[in-house]
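Keep in mind that what you see is a predicted model, and the values were worked out from it rather than measured. Ligands are counted one by one from 1 in listed order, and the atoms in each one are counted from 1 as well.
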Amino acid sequence: MNDKKQEYLEKVGLAGVKEAFWNLSVPSLVGKTLLLEQGTLTDTGALACDTGEFTGRSPKDKFVVFDENTKKTIWWGDVNNKISIEAFQKIYERMNAYLIGRDIYIKDAYACASDKYKLNIRVITEYPWQNLFAYNLFLRPTATELTNFTPEWTVLCASGFKADPKIDFTRAHNFTIINFTLKTILIGGSAYTGEIKKGIFTVLNYLLPIKHKALSMHCSANIGKNGDTAVFFGLSGTGKTTLSADSNRKLIGDDEHGWDEDSVFNFEGGCYAKCVNLSQEKEPQIFSAIKFGTLLENIEFKPGTETVDYDNVSKTENTRAAYPIDFIENSVEPSIGKTPENIFFLTADAFGVLPPISKLNVGQAMYHFISGYTAKVAGTEAGITEPQTTFSACFGKPFLPLHPTQYAELLGEKLKDSSINVWLINTGWTGGSYGTGERIKLSYTRAMITAALNGELSKVQYKKHEIFGLLMPLECPNVPSELLNPSKTWVDKNKYEETATKLAKAFQNNFEQYKNAANEEIIAGGPQINAVEKETK
Ligand code: ATP
Ligand code: MN
């Protein structure tokens with residue numbers, strides 16, 4: 001090891017590690033993982049690993065260091081839990097002590113495809129496959145850039161280190177702690193790699209609006225043949241990754257983007273796709289991206305083979321594939337597009353109330369952005385069949401270090417006096433709520449998005465939804481017309497009205513907290529329950 005590297009390890013308190021592996025190649029990281037028996041190769045060459053106890057993020061265990069720098073800017077509360085400078089320091093030292101005598105893997109990378117916002121990141125992990133994740137998900141510096149690399153932010157991920165809530169002031173043994181002053185993220189107790197990417201996303205959700213007055217977004221993005229950009233906002237599982245992978249459009253990115261005066265740019269250099277029920281037929285791009293270099297998480301094999309069984313989700317529903325963006329054949333390089341012409345809000349409405357596609361005016365767009373609605377299908381174990389509403393501001397509340405109105409204001413300025421089309425897409429249920437109806441076919445959702453992007457939906461007539469006020473097209477190429485108006489897909493019309501009213505009330509209750517910051521136009525963009533009476537007459 002050269003002096004510079006040794007000096008760095010000493011400076012950050014990691015001089016006691018057994019060996020530090022710097023920027024290992026993909027084959028080396030895969031090889032190390034196999035040697036350590038932390039993973040296996042699938043028949044397509046992908047590396048399959050289990051993340052252990054945690055197979056998803058743990059939002060309740062996310063902390064931000066409370067100090068002079070952050071005390072007035074951060075949106076403190078259950079999204080951004082406070083932790084003291086002293087607690088951070090102590091846990092940092094305890095993590096370093098834990099790593100004495102252990103190997104560590106160091107990956108230098110950066111975030112933001114636009115040079116203006118480029119953020120150098122050093123990701124230090126306990127396991128080699130987590131380092132592969134960092135390589136796949138973040139942007140990859142060139143060999144020359146690597147020789148002169150100066151990290152601005154550091155992510156230290158010691159998954160085997162367990163915090164003790166009694167002495168570490170954490171909630172549990174796992175944690176993600178962001179220190180904006182020291183520009184460090186500490187991750188311990190959990191080996192779920194999503195914590196690494198969403199940690200940096202949180203940092204960018206702070207830097208972009210505050211430092212650059214640019215909007216950061218939890219969305220995917222792609223570009224059409226005419227160079228038009230589309231962005232797809234949505235909470236987990238609503239279809240960002242799936243729908244942005246489109247054979248007719250070039251992929252900019254699948255999850256995190258920035259939007260400044262004249263461009264949309266990816267924060268990342270890779271995708272993190274859900275794999276549940278993945279098939280070549282329905283999601284060909286993603287299916288083909290799972291090859292050597294890709295990291296698969298928590299999947300199962302078909303018995304006695306190295307063939308992945310994507311339908312087997314016995315470890316978790318949240319099986320994932322992490323791959324560099326160029327594994328998607330039609331991705332753009334660099335991952336930058338023009339100002340969007342179309343914005344899609346994706347929601348997986350398990351109540352089956354919202355139309356599969358509808359057009360929003362500016363007030364409605366702002367209302368739905370602030371609301372960030374989707375629904376969760378309740379766990380079958382508990383025997384609950386009722387779906388649960390989720391309202392997550394800006395379609396990404398867990399990753400917002402600032403108050404949601406700060407992002408909403410930035411979006412509002414962009415929509416004002418613009419010709420940007422905003423659409424709400426329900427990728428969830430049709431023909432009834434979860435249990436009665438079924439999830440709308442992916443091919444129909446794709447057809448609706450294609451029609452919106454091709455301008456075909458500007459030629460058709462619309463009907464206003466009685467409660468939500470959204471404009472529903474009466475027809476759409478390659479989609480049965482009766483699907484377009486949700487009430488028509490329900491056998492029991494009264495039940496539809498009742499369920500829609502209930503959902504509208506849930507929207508209104510949730511919006512109470514933002515009402516003071518919203519103008520009349522935005523408030524009018526919400527559902528109008530009084531309209532129901534008229535409809536039922
Ligand atoms: P995350 O933020 O967690 O990455 P995401 O928004 O990227 O979530 P996807 O990975 O695209 O979500 O997951 C959508 C899932 O829903 C996929 O497994 C997809 O196959 C499935 N799906 C089923 N029907 C539809 C539909 N009509 N539209 C979109 N996705 C659908
Ligand atoms: Mn995704």
Side-chain angles (χ1 to χ4, degrees), residues 55-57 59 133 136-137 192-195 197-198 201 217-222 231-246 251-257 266-268 270-287 289-290 296-299 310-311 313 316-323 325 328 344-350 352 354-357 372-377 390 392 394-399 423-431 434 437-450 452 476 478-479 483 486 489:
T55 55
R57 285 179 303 101
F133 175 86
N136 287 353
L137 260 291
Y192 182 65
T193 52
E195 300 281 6
K197 84 174 219 113
K198 287 302 204 299
F201 184 42
M217 311 178 282
H218 188 216
C219 72
S220 60
N222 64 20
V231 299
F232 304 82
F233 284 93
L235 291 161
S236 185
T238 57
K240 291 183 300 300
T241 302
T242 304
L243 296 168
S244 59
D246 178 334
L251 183 65
I252 303 176
D254 82 324
D255 199 49
E256 309 170 4
H257 293 81
N266 196 349
F267 289 164
E268 302 179 287
C271 303
Y272 195 38
K274 277 184 182 289
C275 298
V276 51
N277 301 330
L278 185 67
S279 72
Q280 176 143 42
E281 181 215 345
K282 289 193 198 136
E283 299 177 61
Q285 278 89 3
I286 296 172
F287 192 89
I290 300 174
L296 276 171
E297 293 176 354
N298 304 315
I299 52 90
Y310 290 112
D311 298 330
V313 287
T316 173
E317 277 267 335
N318 191 30
T319 52
R320 294 270 179 172
Y323 46 85
I325 190 152
I328 296 285
F344 296 90
F345 293 154
L346 308 175
T347 177
D349 175 22
L354 295 175
I357 183 165
Y373 165 71
T374 194
K376 275 198 192 112
V377 176
T390 302
S392 181
C394 313
F395 296 101
K397 190 173 163 193
F399 323 116
W423 311 88
L424 181 67
I425 302 279
N426 176 7
T427 64
W429 273 251
T430 176
Y434 170 79
E438 54 187 29
R439 193 155 182 195
I440 191 157
K441 279 202 182 82
L442 180 53
S443 57
Y444 289 150
T445 302
R446 287 199 198 276
M448 287 183 261
I449 288 172
T450 302
C476 175
N478 303 314
V479 180
L483 272 187
T489 67

Inset, instruction - Work out whether the distance between some heavy atom of L278 and some atom of ligand 1 is less than 4.0 Å. - result: no
Legend entry - Close side-chain approach of D255 and K240, heavy atoms under 4.5 Å: yes
Legend entry - Top protein contact for atom 11 (O) of ligand 1, by heavy-atom distance: T242 OG1, 2.6 Å
Legend entry - Whether F233 and F395 hold their rings parallel, tilted or perpendicular, with breakpoints at 30° and 60°: tilted
Legend entry - Top protein contact for atom 8 (O) of ligand 1, by heavy-atom distance: G237 N, 2.8 Å
Legend entry - N/O separation below 3.5 Å, G239 to ligand 1: yes
Inset, instruction - Give a yes or no on this: more than 12 heavy atoms of other residues, nucleotides or ligands lie within 6.0 Å of atom CG of N277. - result: yes
Legend entry - Ligand-residue contact atoms, ligand 1 with L235, heavy atoms, under 4.0 Å: 6 (O)
Inset, instruction - Report yes or no: does R320 have a heavy atom closer than 4.0 Å to ligand 1? - result: yes
Inset, instruction - State if G234 counts as touching ligand 1 under the rule of any non-hydrogen atom under 4.0 Å. - result: no
Inset, instruction - Answer yes or no for K441: is there a heavy-atom contact with ligand 1 below 4.0 Å? - result: yes
Inset, instruction - Take the angle between the ring planes of H218 and F399 and call it parallel below 30°, perpendicular above 60°, tilted in between. - result: perpendicular
Inset, instruction - Calculate, to the nearest 0.5 Å, the distance between atoms OG1 and CZ belonging to T242 and F232 respectively. - result: 11.0 Å
Inset, instruction - Starting from atom 21 (C) of ligand 1, find the nearest protein heavy-atom neighbour and note its residue, name and distance. - result: R439 NH1, 3.6 Å
Inset, instruction - Please confirm whether the backbone N or O of D349 pairs with a side-chain atom of N426, one donor and one acceptor, at under 3.5 Å? - result: yes
Inset, instruction - Between D255 and ligand 1, find which residue part has any heavy-atom pair under 4.0 Å and reply side chain, backbone, both or neither. - result: side chain
Inset, instruction - For the residue pair E297 and Y272, confirm or rule out a side-chain donor-acceptor distance under 3.5 Å. - result: yes
Legend entry - Where ligand 1 meets K274 - atom numbers and elements under 4.0 angstrom, heavy-atom basis: 3 (O), 10 (O), 13 (O)
Inset, instruction - If you have a sec, work out which protein heavy atom is nearest atom 18 (O) of ligand 1 and how many Å separate them, to one decimal? - result: V276 O, 3.8 Å
Legend entry - Test of proximity, I440 against ligand 1: N or O pairs below 3.5 Å: yes
Inset, instruction - Tell me which protein heavy atom sits closest to atom 29 (C) of ligand 1, plus the residue, atom name and distance to 0.1 Å. - result: L442 CD1, 3.6 Å
Inset, instruction - Could you tell me how the ring of Y310 sits relative to the ring of F287: parallel (under 30°), tilted (30 to 60°) or perpendicular (over 60°)? - result: perpendicular
Inset, instruction - Give a yes or no on whether T242 keeps an N, O or S atom under 2.8 Å from the Mn ion (ligand 2). - result: no
Inset, instruction - State, with a plain yes or no, whether a side-chain heavy atom of S236 is found less than 4.5 Å away from one of K274. - result: yes
Inset, instruction - Identify the protein heavy atom lying closest to atom 20 (O) of ligand 1, giving its residue, its atom name and the separation to 0.1 Å. - result: E283 OE2, 2.7 Å
Inset, instruction - Can you spot which of I425, I357, T427 makes a side-chain contact (heavy atoms from CB on, under 4.5 Å) with I449? - result: I425
Legend entry - N266 side, atom CG; D254 side, atom CG - distance, nearest 0.5 Å: 7.5 Å
Inset, instruction - Considering the heavy atoms of T238, write down every atom of ligand 1 situated less than 4.0 Å from one of them. - result: 6 (O), 12 (O)
Inset, instruction - Among all protein heavy atoms, pick out the one at the shortest distance from atom 2 (O) of ligand 1; state its residue, atom name and that distance to 0.1 Å. - result: K240 NZ, 2.7 Å
